[in-house]
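Reminder, nothing fancy here: chain letters follow the sequence lines and each chain counts from 1. Worth knowing before you read on, the calculation uses all heavy atoms, side chains too, and leaves out hydrogens, waters and symmetry mates.
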Number of protein chains: 2
Amino acid sequence: MLFKIAVDCIIFTYDQQAHQLQVLLIRRENAPAQGEWALPGGFVDQLEDFAVTAARKLRQETGVDVSYLEQVQAYALTDPTAGQRLASVAYYALLDVAHYAPAADRTHYAQWVDLAQLPVLPFDHGQKVQDAWRRLQEAARHRPVPFHLLPRKFPLNHLQKFYEALYQVPLDNRNFRKWVKGLPYVEALAEVEQGVSHRPSQLYQFNTAAYSAYEQITQRTPY
Amino acid sequence: MLFKIAVDCIIFTYDQQAHQLQVLLIRRENAPAQGEWALPGGFVDQLEDFAVTAARKLRQETGVDVSYLEQVQAYALTDPTAGQRLASVAYYALLDVAHYAPAADRTHYAQWVDLAQLPVLPFDHGQKVQDAWRRLQEAARHRPVPFHLLPRKFPLNHLQKFYEALYQVPLDNRNFRKWVKGLPYVEALAEVEQGVSHRPSQLYQFNTAAYSAYEQITQRTPY
DNA sequence: TCAAAAGTGTTTCTGGTACACCCATGC
DNA sequence: GCATGGGTGTACCAGAAACACTTTTGA
């Protein structure tokens with residue numbers, strides 16, 4: 001039994017204005033579900049790892065390289081209306097919104113959509129988004145996820161807002177700041193925000209080298 | 001481009017005598033890698049969810065239903081010697097060793113092998129075992145994994161040995177017992193072990209209802 | 001001087017870790 | 001009575017959680 005295999009990509013970004021995680025959706029140009037909003041992706045048409053396929057498709061869609069790409073899982077399409085055997089492998093990716101804004105004139109083809117306000121998606125795309133989100137939350141416990149989605153220099157409050165959006169919980173800002181300051185790989189800069197009508201915030205940045213060192217020695221307790 | 005899709009199963013069990021996690025391997029009856037030890041599995045030949053396929057293949061192999069089945073991930077076989085496009089989806093499963101012992105006369109076809117002493121496996125099966133093990137370790141932090149692999153009634157020390165095997169670290173038994181006694185879903189029985197030449201150990205069992213209740217209220221802290 | 005958001009410390013509590021000896025049984 | 005593995009408690013420390021006011025800027 002032979003299958004066509006699709007890769008579906010859940011591309012997350014973070015909207016600093018709205019303090020919301022967003023997902024990139026495109027309007028499907030072909031049947032089935034033509035004209036509906038759905039996840040970007042495409043069929044595997046080369047002999048290569050699925051991650052490579054996913055990265056390639058995304059580069060075609062957006063013109064940029066995503067900075068983080070992980071497999072969610074594989075899904076069998078149990079309702080193959082087209083009479084074809086279909087399987088799909090979902091990947092989630094992170095993309096700084098500043099690096100990719102859908103062209104204004106193509107707004108009808110690709111758009112960032114708030115995770116909280118997703119339309120009903122065709123096929124199993126809704127499920128895939130949920131699964132990917134869960135995976136992203138899990139990944140962010142062990143890995144420096146937010147730095148892919150924030151500008152290089154950011155104030156701590158933005159970082160906090162990001163975590164609040166990711167986990168959908170409010171965080172205590174004093175405890176949060178204390179926690180971040182204990183991380184050796186988040187480094188305070190001498191710089192502050194400019195031109196705001198309130199006390200300017202100090203800027204921080206992610207330190208890759210410090211993170212590598214830190215990663216080496218990190219161990220998790222069992223059970 | 002069309003693919004054949006295989007499911008590969010990493011079936012874990014726990015050997016109480018050796019205090020070792022084990023994986024079920026079979027001797028491949030067909031080329032490629034004919035006669036070598038490899039993971040059980042087979043090609044997807046029905047229109048159904050991959051998990052269902054995996055469960056079916058395992059029932060065919062072992063004659064029993066596994067009690068836990070989770071997808072690891074999908075892999076593209078990047079070196080298709082057969083000239084065929086192959087993909088595979090790995091699943092890991094848990095099976096109480098008491099429920100399935102490979103028939104003695106078929107020892108050459110299926111066998112439990114210590115995770116610590118795996119032979120070199122063909123294809124990417126070695127990688128898959130490692131990935132599955134990692135996933136199992138992760139799952140055991142949040143879910144009552146061990147109870148699928150221990151007899152219904154067990155002494156706490158066996159539970160401890162299981163965790164030591166799973167995470168490959170020694171645990172302090174006083175702290176471990178303290179931890180377990182704090183879990184509402186592990187319930188002490190009035191019964192003790194019989195016929196051992198040392199102090200008999202008290203038996204415990206997993207309480208499904210208590211676990212369901214506990215699961216509801218469990219929340220993990222973000223970041 | 002006001003509005004708006006940034007920033008700051010202390011106390012309490014909980015859970016993790018380290019550590020050494022007595023107990024019940026069969027032989 | 002001895003060998004074998006089962007079973008117990010306490011003190012210390014680190015990290016999480018709760019909690020309210022002052023600071024800096026532009027308008």
Less than 3.5 Å apart, any donor N or O on the side chain of B/Ser201 or B/Glu193 sitting next to an acceptor on the other?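 A donor-acceptor contact under 3.5 Å links the two side chains.
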If we ignore hydrogens and angles and just use 3.5 Å, is the side chain of A/Arg135 paired with the main-chain N or O of A/Tyr91 as donor and acceptor?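 No; judged by distance alone, with no hydrogens or angles, the pair does not exist.
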Donor-acceptor contact below 3.5 Å, side chain A/Asp96 vs main chain A/Ala98: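 It does hold such a pair.
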To the nearest angstrom, how far is [X] atom [atom1] from [N] atom [atom2]?
X	N	atom1	atom2	answer
A/Gln160	C/dG7	CD	P	11 Å
A/Asp172	C/dT11	CG	C1'	14 Å
B/Glu191	D/dG6	CD	P	17 Å
A/Trp179	D/dG15	CH2	P	14 Å
B/Asn175	D/dT10	CG	P	14 Å
A/Leu171	D/dA18	CG	C1'	14 Å
B/Gln194	C/dG26	CD	P	9 Å
A/Phe176	C/dA6	CZ	P	12 Å

Counting only side-chain heavy atoms from C-beta out, which of [options] sits nearest to [X]?
X	options	value
A/Ser197	D/dG6, D/dG26, C/dT8	D/dG26
B/Arg177	C/dT25, D/dT8, D/dG9	D/dT8
B/Arg199	C/dA24, C/dC19, C/dG7	C/dA24
B/Gln202	D/dG9, C/dT25, D/dG7	D/dG7

Contact nearer the 5' end of DNA chain C, comparing B/Asn173 with A/Leu203: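 Whichever sits nearer the 5' end wins; that is A/Leu203.
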Any A/Asn157 side-chain N or O less than 4.0 Å from OP1/OP2 of C/dA6: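 For C/dA6, OP1/OP2 do have a side-chain N/O of A/Asn157 under 4.0 Å.
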D/dG7 OP1/OP2 closer than 4.0 Å to side-chain N/O of B/Arg174: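 For D/dG7, OP1/OP2 do not have a side-chain N/O of B/Arg174 under 4.0 Å.
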Looking at every strand, decide which applies to A/Lys161 at a 4.0 Å heavy-atom threshold: base, sugar-phosphate, or nothing.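 Contact class for A/Lys161: none.
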Assign B/Glu193 to base, sugar-phosphate, or nothing according to its heavy-atom contacts below 4.0 angstrom with the strands shown.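 Touches nothing.
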Out of B/Leu159, B/Val180, B/Leu150, B/Val186, which residue meets the side-chain contact (heavy atoms from CB on, under 4.5 Å) rule with B/Tyr204?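 When B/Leu159, B/Val180, B/Leu150, B/Val186 are each tested with B/Tyr204, the side-chain contact (heavy atoms from CB on, under 4.5 Å) holds only for B/Val186.
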If you measure from the Lys or Arg side-chain nitrogens to the Asp or Glu carboxylate oxygens, is any gap between A/Lys153 and A/Glu191 under 4.0 Å?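 Looking at A/Glu191 together with A/Lys153, the answer is yes, because their closest N to O distance falls below 4.0 Å.
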Closer to the 5' end of DNA chain D via nearest nucleotide, is it A/Lys178 or A/Pro200?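 Final value for this comparison: A/Lys178.
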